[in-house]
Student: 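To start, I am sharing the structure in question, which I have written as structure tokens.
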Amino acid sequence: MKNKAEDPESRAFDLQLILEEIDVLAEDLTRLEPSMDRTALELRLAQMRQIVELVYTRQGQAVDGLAATHGV
């Protein structure tokens with residue numbers, strides 16, 4: 001049985017879900033009054049989005065590379 005984390009389709013689905021939730025939160029932040037706190041939260045959220053994308057990309061490459069080297 002395949003590990004769910006190694007399944008490219010479930011990784012893509014999870015990534016898409018997380019990114020959509022981050023985008024919803026970012027949209028909610030735009031409804032707040034402009035402030036230093038709002039700007040700080042927007043920046044942190046943007047960084048978190050980039051980190052999530054980077055981690056999923058690296059995990060995908062690692063899993064794909066492992067499958068390629070082991071003929072899976």
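Sequential numbering from 1 along the given sequence is applied to the chain's residues.
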Student: Indicate every side-chain donor-acceptor pair of residues 44-53 with a distance under 3.5 Å to a residue at least two apart or in another chain.
Tutor:
from, atom 1, to, atom 2, distance (Å)
Arg49, NE, Asp23, OD1, 2.9
Arg49, NH1, Glu53, OE2, 2.8
Arg49, NH2, Asp23, OD1, 3.3
Arg49, NH2, Asp23, OD2, 3.0

Student: Same cluster or not: are Val55 and Leu15 linked, directly or through other Ile, Leu, Val, Met, Phe, Trp or Tyr residues, by side-chain heavy atoms under 4.5 angstrom apart?
Tutor: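 No, it is not one cluster - the side chains of Val55 and Leu15 are not joined through contacts under 4.5 Å.
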Student: Mind running side-chain contact (heavy atoms from CB on, under 4.5 Å) on Glu27 and Thr30 for me, showing each step along the way?
Tutor: CA-CA 5 Å; Glu27 180 66 30; Thr30 65; 3.7 Å; yes
Student: Please report the interatomic distance CD1(Ile18) to CD1(Ile22), rounded to the nearest 0.5 Å.
Tutor: 7.0 Å
Student: Minimum heavy-atom separation for Arg38 and Glu33, please, with both atom names.
Tutor: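 It is CD-O, 3.6 Å.
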